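Just so it is clear: chains get the letters A, B, ... in the order the sequence lines come, proteins before strands, and each one is counted from 1. Fair warning: this is a prediction, and the values are worked out from it, not measured in the lab.
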Amino acid sequence: MSSARRQYPFHLIEPKWQARWDHEQTFRAWNPGEDIPADHPFRKRHPAALPPKYYILDMFPYPSGAGLHVGHPEGYTATDILARYRRALGFNVLHPMGWDAFGLPAEQYAIKTGQHPRKTTEANIATFKRQIKSLGFSYDWSREVDTTDPNYFKWTQWIFLKIYNSWFNPATSKAEPIETLTYPPELRSDEEKRAYRDSKRLAFVSEAPVNWCPELGTVLANEEVIDGKSEVGGYPVIRKPMRQWMLRITAYAERLLNDLDSIDWSHSLKEMQRNWIGRSEGAEVIFRLADSEKSITVFTTRPDTLWGATYMVLSPEHKLVDEITTPEYRAEVEKYRAYAASKSDLERTELAKEKTGVFTGAYAINLANNERIPIWIADYVLISYGTGAIMAVPAHDTRDLEFAEKFSLTVIKVVEPPDGKDWRGFVDDGTSVNSSNPEISLNGLPTPEAKRKITAWLESKGLGKKTINYKLRDWLFSRQRYWGEPFPIVWKNGHHEALPESALPVLPPELQDYKPTASGEPPLARAKEWVNLPDGSTRETNTMPQWAGSCWYYLRFIDAQNPASLCDAKAERYWMGTGGSSATPGIDLYVGGTEHAVLHLLYSRFWHKVLYDLGYVSTPEPFFKLVNQGLILGEDNQKMSKSRGNVIPVDAPVKDFGTDALRLFEMFIGPLEMVKPWSTRGVEGVYRFLGRVWRLFVDEQSETELEQRLTTEQPGPELLDIIRLNPAIQDVTATPVQLKTLHACIRKVTEDLDGLRFNTAISALMVFVNEAMTWETRPRSVMRDFLILLQPFAPHLAEELFSRLYLKSELRLPYIPWPKFDPALLVEDMLVIAVQVNGKLRDTIVVPANPTQEEIEAAALKAEKAQPFLAGKIVKKIIVVPKRLVNIVVA
RNA sequence: GCCGGUGUGGCGAAAUGGCAGACGCACAGGACUUAAAAUCCUGGGGCCUUAAAAAGCCGUGUGGGUUCGAGUCCCACCACCGGCACCA
């Protein structure tokens with residue numbers, strides 16, 4: 001926009017109302033038992049008891065140095081509109097915002113410049129906060145949280161201690177305090193008991209391979225490694241075993257999966273979580289070796305194909321490989337194992353096209369038919385899934401077939417495809433064939449039945465059992481970083497020990513150099529005085545991953561300042577909907593991007609369930625309803641990115657068109673969940689609409705006067721006092737037509753907000769304005785209700801116009817009850833009905849409302865333009881759709 | 001490869017199985033203006049006719065089907081976007 005005339009003085013209006021909301025704390029949410037000031041607008045609306053709660057949450061941002069671009073406010077605008085709508089409906093709305101501020105960029109910047117990450121983080125938060133506040137969202141800022149604030153991460157560490165001091169009791173399928181653990185009788189010494197206890201904790205230590213980036217001198221999280229290279233800088237990443245903290249999320253796999261059925265998330269999001277958890281039902285089968293007493297256990301989902309197992313494969317890392325390899329194959333096996341170990345993840349995926357492997361020289365016995373089958377090792381079998389070994393059924397598994405063809409191994413058909421398809425490589429359900437021995441036969445059985453029968457047989461012989469496997473792995477929870485929560489853990493004589501709660505928060509030490517040490521130890525290890533404690537113990541030097549702080553922030557919002565607990569139990573029950581009312585269990589609506597579809601949402605659900613088991617929260621799930629907003633693309637239809645140069649920072653449109661226009665545009669371009677492109681033209685369009693709203697309400701002369709004063713005077717909110725109401729707005733009774741226009745709008749906006757259809761709600765507001773522009777007198781009552789509808793979308797303009805409408809009003813627009821539409825006002829006297837002949841539209845007729853069937857049929861048969869299509873034809877049937885159309889079927 | 005989503009005018013889009021294209025952008029014509037901007041009014045899927053219209057025909061990724069009637073439901077395919085990817 002260059003020289004275009006300003007549509008309305010948003011630059012005076014928006015700061016004015018933002019300052020007022022701040023000063024008045026208009027959007028404070030109130031906890032049970034809190035004193036509400038007598039003059040607060042919430043108190044005036046709800047003088048007695050607290051009304052039902054509505055907890056609506058945005059995924060809080062990582063405050064980067066670049067500031068907000070126009071993609072950020074999309075979800076925030078949607079939730080703000082709904083928060084304002086719910087307030088008008090009479091709910092106590094919790095709508096908070098905070099900062100997920102630990103993270104790698106601040107630390108990388110510190111390594112480069114020596115600037116403490118706290119400084120960078122504070123500056124970035126200040127920028128983000130200024131920008132978000134300029135958008136006029138109705139957040140309760142008194143509840144702002146910052147994950148890097150010791151008063152916040154004290155409780156992150158506290159939750160870690162709870163996890164550390166718990167175990168998962170398989171009998172109850174719940175986390176319980178570690179004290180309830182019972183020890184097997186053979187464990188006598190304290191040392192043995194400690195080892196057992198430590199092996200059962202929900203937080204445990206394990207030697208695990210990590211992503212080590214030599215170039216950056218640091219370890220990276222999986223999500224920071226893209227195609228085998230570091231996300232930052234694109235340097236190669238290798239696997240390196242290190243001592244790591246893990247969280248036992250796998251214990252919760254079944255509950256994380258099942259409880260998806262109890263929450264209102266999109267189908268695709270639930271599917272992503274289900275796939276990630278990857279439950280798969282099958283059987284473990286024990287194979288005896290041909291020439292020794294040893295045995296190999298495999299996991300298979302197709303025990304019914306046992307007769308087709310013509311060879312076995314161990315993963316190269318399998319611990320039996322050494323024991324079974326025969327001397328003449330040892331050299332080759334060793335060579336292959338070294339080769340497999342040297343492959344990076346990148347190479348593993350790249351080379352996946354071509355199967356590799358070597359024979360060990362050993363044989364196993366296929367227990368179904370007593371055949372000797374060769375045992376191979378190959379890297380297409382993963383050590384980390386199932387038992388790290390498989391029975392290969394090349395006839396009915398694509399990977400096994402590929403391998404068998406390459407190495408000329410036997411292929412035996414054991415499943416008959418249902419419809420004459422080729423059996424080779426057929427992997428779906430069919431009918432078992434060639435599957436019998438003197439004790440059992442599967443022949444003729446459909447696959448599901450064959451699975452049941454063979455599993456029962458294996459179980460009866462002690463050679464197998466029904467098993468469930470998950471793709472989900474335990475959560476690697478430690479990072480070799482500075483800018484994260486330190487663990488509340490010390491090491492003494494080679495054992496880890498929890499610090500007492502009284503030692504929290506554990507603050508990170510001050511450092512000059514944020515790089516890891518030369519030996520690859522985490523940066524915290526540089527702080528010798530911090531690490532070494534007087535009693536000879538040493539502190540854990542890893543820190544927690546960025547996910548830790550975001551796992552539970554929604555709970556802190558409930559009671560953000562509480563020094564005594566992570567949040568007050570009574571407040572938690574109220575806001576999470578278990579206070580005895582019929583409120584939604586958990587957060588009513590959570591809105592954020594799909595990039596968190598798996599990790600954040602899975603980790604968060606996991607922590608919540610642990611806290612639930614231990615009695616600290618009252619619902620099994622944190623987020624009842626969840627919606628993913630779609631990406632906003634650049635004007636070139638490409639994903640916004642610095643490298644493409646198509647990033648639009650929020651400040652530009654806010655300055656040119658105002659934040660109301662920005663908000664309105666982001667909601668108007670399309671459905672919330674869809675991907676949609678930015679368009680500056682489009683913002684101008686809704687900006688013009690807001691200009692029309694302004695002119696609908698204000699006196700033209702007074703506006704001209706304001707414009708003139710603006711050219712000579714310093715702009716300030718007091719200039720708005722020049723503005724007078726449009727003389728067309730009068731205290732008159734609304735006409736039936738005006739009421740119909742208003743109530744059609746109320747109905748559409750209300751229904752669309754309930755269905756999160758912001759774009760069509762806005763078009764309904766436009767339709768109203770287009771109509772109202774033509775009215776010579778505009779009844780004050782009608783215009784008032786329109787402003788209540790407009791307020792959630794364009795709150796600043798709505799507030800300003802409302803204050804013109806009621807100059808002396810004590811009422812505050814955000815708390816005025818939402819209007820109800822009256823269906824009686826929408827009833828039409830006459831209806832326009834479409835007339836079809838054989839399903840094609842030929843004419844329309846006007847009939848009185850509620851006509852009889854006969855009247856409609858008669859009128860339709862007389863419809864002028866339909867006559868040529870009826871002439872000389874026999875009417876076979878007439879279909880009447882009430883209030884819509886008539887279809888005359890002729891032969 | 002598997003899972004999920006999306007295909008409708010020049011563009012963003014709308015449509016409980018019932019008048020396809022609401023609303024907006026861009027565009028064109030007109031009013032106002034010395035002129036422009038802004039504003040207000042009007043028009044608008046394509047084809048075919050025509051001075052202009054009316055009428056007619058075609059039209060929601062492709063091909064089938066169900067139905068009095070399909071953008072919407074069913075079957076088979078194509079394209080694009082997102083996720084997972086040797087998970088036995």
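At the heavy-atom level, A:F869 lies under 4.0 Å from the strands shown only through sugar-phosphate atoms. Within the 4.0 angstrom heavy-atom criterion, no nucleotide atom of any strand lies near A:N469. Within the nucleic acid shown, A:P671 comes within 4.0 Å of sugar-phosphate atoms alone, with no base atom in reach, counting heavy atoms only. Residue A:N770 is classed as a sugar-phosphate contact, given heavy-atom separations below 4.0 Å to backbone atoms only. Using a 4.0 Å heavy-atom distance criterion, A:S763 is classed as a base contact. Contact annotation for A:V832: base contact, defined as any heavy-atom pair under 4.0 Å involving a base atom. A:V881 comes within 4.0 angstrom of a nucleotide base, judged by non-hydrogen atoms across all strands.
With both pairing distances under 3.5 Å, B:C23 is matched to B:G12 as a Watson-Crick or G-U wobble pair. B:C84: Watson-Crick or G-U partner is B:G1, with both key distances under 3.5 Å. Using the Watson-Crick or G-U wobble rule with both distances under 3.5 Å, B:C77 pairs with B:G61. Pair assignment for B:A38 gives none, since no Watson-Crick or G-U wobble pairing has each distance under 3.5 Å.
One finds a side-chain N or O of A:R688 lying less than 4.0 angstrom from the OP1 or OP2 phosphate oxygen of B:A26. Between B:C40 and A:R695, a contact under 4.0 Å exists linking OP1 or OP2 to a side-chain N or O. For B:A55, the OP1/OP2 oxygens have no side-chain nitrogen or oxygen of A:R842 closer than 4.0 Å. The phosphate of B:C84 has neither OP1 nor OP2 within less than 4.0 Å of any side-chain N or O from A:R274. Taking 4.0 angstrom as the limit, A:Q273 places none of its side-chain polar atoms (N or O) nearer than this to OP1 or OP2 of B:G83.
Residues A:S280 and A:N469 bring no donor and acceptor atom of their side chains to less than 3.5 Å of each other. In the model, A:R473 has a side-chain atom that pairs as donor or acceptor with a side-chain atom of A:S384 under 3.5 Å.
Heavy-atom distances to RNA chain B give each of A:Q7 and A:T301 a nearest nucleotide, and the one nearer the 5′ end belongs to A:Q7.
Within residues 275-284 of chain A, the residues having any heavy atom under 4.0 Å from RNA chain B are, by residue number, A:N275, A:W276, A:S280.
Separating the C1' atom of B:U6 from that of B:G43 is a span of 32 Å, rounded to the nearest Å. B:G9 and B:G1 have their P atoms separated by 29 Å, with the value rounded to a whole Å. Comparing the P positions of B:C19 and B:A15 gives a spacing of 13 Å, expressed to the nearest Å.
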